[in-house]
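The next block holds one structure in the form of structure tokens; read it before the comments.
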Amino acid sequence: MIVKNPATQEYKTGSYRDLDPHGLMSGGKARSIAAAELSQSFPGAKMVALSTLPPKDAEPKKPLAEVTVQDLKHYGVEEEKILLYEDSYSTLTELMGLISLAVKNSWKHVVVITNEYHTPRAQLLLEKVSEIKDDNPSYQKAWEATNMTELFPKFKELNTKVTFVSAETVLPIRSRHYSKIIEEMKKTDAHKARVKREKESILHLHNGTYGKNPAATFIPHPKE
């Protein structure tokens, strides 16, 4: 997630100390740094920057993908390696975007970099992406908008391998000092609150209520 820099009024990637619009731990900066580190190990790989949060109340749209691109470039990723995908706005729609990009580019292996506390839900969402599309009108609209009825069978046929990697496993490779930062982060109330919310969401995914009783963190389709 991104937050507004009070000094410049510009958006920046959120650190572990920052909270996202739902009041939960951000951790976006960690993902950008981890992606840049992996880019060095896999120089031929493309990096995909995802999402734009739609406007809400008095808040303007939040250009997550654009800010992530600037982050990646700052941490050493060449601009020509970065793809911009701005149409997603949530974990579920990012996964739909992943499916779309994998099919269009015939990708056989995709690595999803996210935070440790977010990884289990993201993995389960990908497993159930075609099942839960009918559980909420916003999910159905997103499915149709990304042409998943056509692309999802092709994705299954392509048999793309999707590997989820937590930023927290990569950061200490870049620098040992991140181990201490991660250790201290996990002691915070913000981390505990984020883990609690993720576990609740996983429970909803397992019992079939994920989209039927949306949490306060739910982001509706922009055209609703």
Exercise. Can you list the steps and then say if Thr149 with Glu144 is a side chain to side chain contact (heavy atoms under 4.5 Å, CB included)?
Worked result: CA-CA 7 Å; Thr149 300; Glu144 294 167 358; 5.6 Å; no
Less than 4.5 Å apart, side chain to side chain, heavy atoms only: is that true for [X] and [Y]?
X: Tyr89; Y: Thr52; answer: no
X: Lys61; Y: Pro54; answer: no
X: Thr93; Y: Thr146; answer: no
X: Leu126; Y: Val162; answer: yes
X: Val112; Y: Val165; answer: no
X: Tyr210; Y: Asp135; answer: no
X: Pro120; Y: Glu198; answer: no

Seminar exercise, completed: Sequence neighbours excluded, the answer for side chain to side chain donor-acceptor pair (under 3.5 Å) partners of Ser39 is none
Exercise. Can you name the residues that form a side chain to side chain donor-acceptor pair (under 3.5 Å) with Gln40, not counting sequence neighbours?
Worked result: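 In terms of side chain to side chain donor-acceptor pair (under 3.5 Å), with neighbours along the sequence ignored, Gln40 is linked to no residue.
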Just by distance, do the side chain of [X] and the backbone of [Y] share a donor-acceptor pair under 3.5 Å?
X: Lys81; Y: Pro43; answer: yes
X: Asn136; Y: Lys212; answer: no
X: Lys128; Y: Leu125; answer: no
X: Asn207; Y: Thr209; answer: yes

Exercise. Applying salt bridge (charged side-chain N to carboxylate O under 4.0 Å, His left out), which residue pairs with at least one partner in residues 1-25 are found, sequence neighbours left out?
Worked result: Asp20-Arg194
For this session: Enumerate the residue pairs fulfilling salt bridge (charged side-chain N to carboxylate O under 4.0 Å, His left out) with a member in residues 148-167, sequence neighbours excluded, ordered by first and then second residue.
Result: Glu150-Lys154
Exercise. Could you walk me through whether Ser88 and Met96 pass the side chain to side chain contact (heavy atoms under 4.5 Å, CB included) check?
Worked result: CA-CA 8 Å; Ser88 54; Met96 291 180 186; over 6 Å; no
[atom1] of [X] to [atom2] of [Y]: how many Å apart, nearest 0.5 Å?
X: Leu124; Y: His204; atom1: CG; atom2: NE2; value: 12.5 Å
X: Glu86; Y: Ser51; atom1: CD; atom2: OG; value: 9.5 Å
X: Leu203; Y: Ser201; atom1: CG; atom2: OG; value: 9.0 Å
X: Glu168; Y: His118; atom1: CD; atom2: NE2; value: 12.0 Å
X: His74; Y: Thr13; atom1: NE2; atom2: OG1; value: 10.0 Å
X: Leu50; Y: Ser90; atom1: CG; atom2: OG; value: 10.5 Å

For this session: Test Thr114 against Thr119 for side-chain hydrogen bond (donor to acceptor under 3.5 Å, both in side chains), laying out the working first.
Result: CA-CA 6 Å; Thr114 188; Thr119 300; 5.3 Å; no
For this session: In sequence, state the C-alpha distance, the side-chain angles, and the governing distance for Tyr139 and Leu92, and then conclude on side chain to side chain contact (heavy atoms under 4.5 Å, CB included).
Result: CA-CA 8 Å; Tyr139 297 168; Leu92 181 62; 3.4 Å; yes
Problem set entry | Set of ring pair (Phe, Tyr, Trp, His ring centres under 6.0 Å) partners for Phe152, sequence neighbours left out | Trp143
For residues [X] and [Y]: do they belong to one hydrophobic cluster (side chain heavy atoms under 4.5 Å, members Ile, Leu, Val, Met, Phe, Trp, Tyr)?
X: Phe164; Y: Phe155; value: yes
X: Leu64; Y: Leu19; value: no
X: Leu205; Y: Leu95; value: yes
X: Leu158; Y: Trp107; value: no

Each residue besides [X] in its hydrophobic cluster should be listed here, by chain and number; the cluster joins Ile, Leu, Val, Met, Phe, Trp and Tyr at side-chain heavy-atom distances under 4.5 Å.
X: Val3; result: none
X: Leu72; result: Met47, Val69, Val77, Ile82, Leu84
X: Ile181; result: Tyr16, Met25, Ile33, Tyr75, Tyr117, Leu171, Tyr178, Ile182, Met185, Val195

Salt bridge (charged side-chain N to carboxylate O under 4.0 Å, His left out) against [X], all qualifying residues, sequence neighbours excluded:
X: Arg174; answer: Glu37
X: Lys199; answer: none
X: Glu200; answer: Lys196, Arg197
X: Lys29; answer: none

Exercise. Take atom CD in Glu79; do more than 12 heavy atoms of anything else shown fall under 6.0 Å from it?
Worked result: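 Count not over threshold, so no.
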Problem set entry | NZ/Lys108: more than 12 non-hydrogen atoms of other groups inside 6.0 Å | yes
Closest contact, heavy atoms only, [X] versus [Y]:
X: Ala102; Y: Thr160; value: CB-OG1, 4.1 Å
X: Leu151; Y: Ser100; value: CD1-OG, 3.6 Å
X: Ser179; Y: Pro172; value: OG-CB, 3.4 Å

Side chains of [Y] and [X]: any donor to acceptor distance under 3.5 Å?
X: Glu116; Y: Thr169; answer: no
X: Ser32; Y: Thr68; answer: no
X: Thr163; Y: His109; answer: yes

Exercise. Any salt bridge between Glu78 and Lys73, counting N to O under 4.0 Å?
Worked result: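 No, Glu78 and Lys73 are not salt-bridged.
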For this session: I would like to know whether Val170 and Ile113 meet side chain to side chain contact (heavy atoms under 4.5 Å, CB included); could you show each step before the answer?
Result: CA-CA 9 Å; Val170 177; Ile113 303 171; 5.9 Å; no
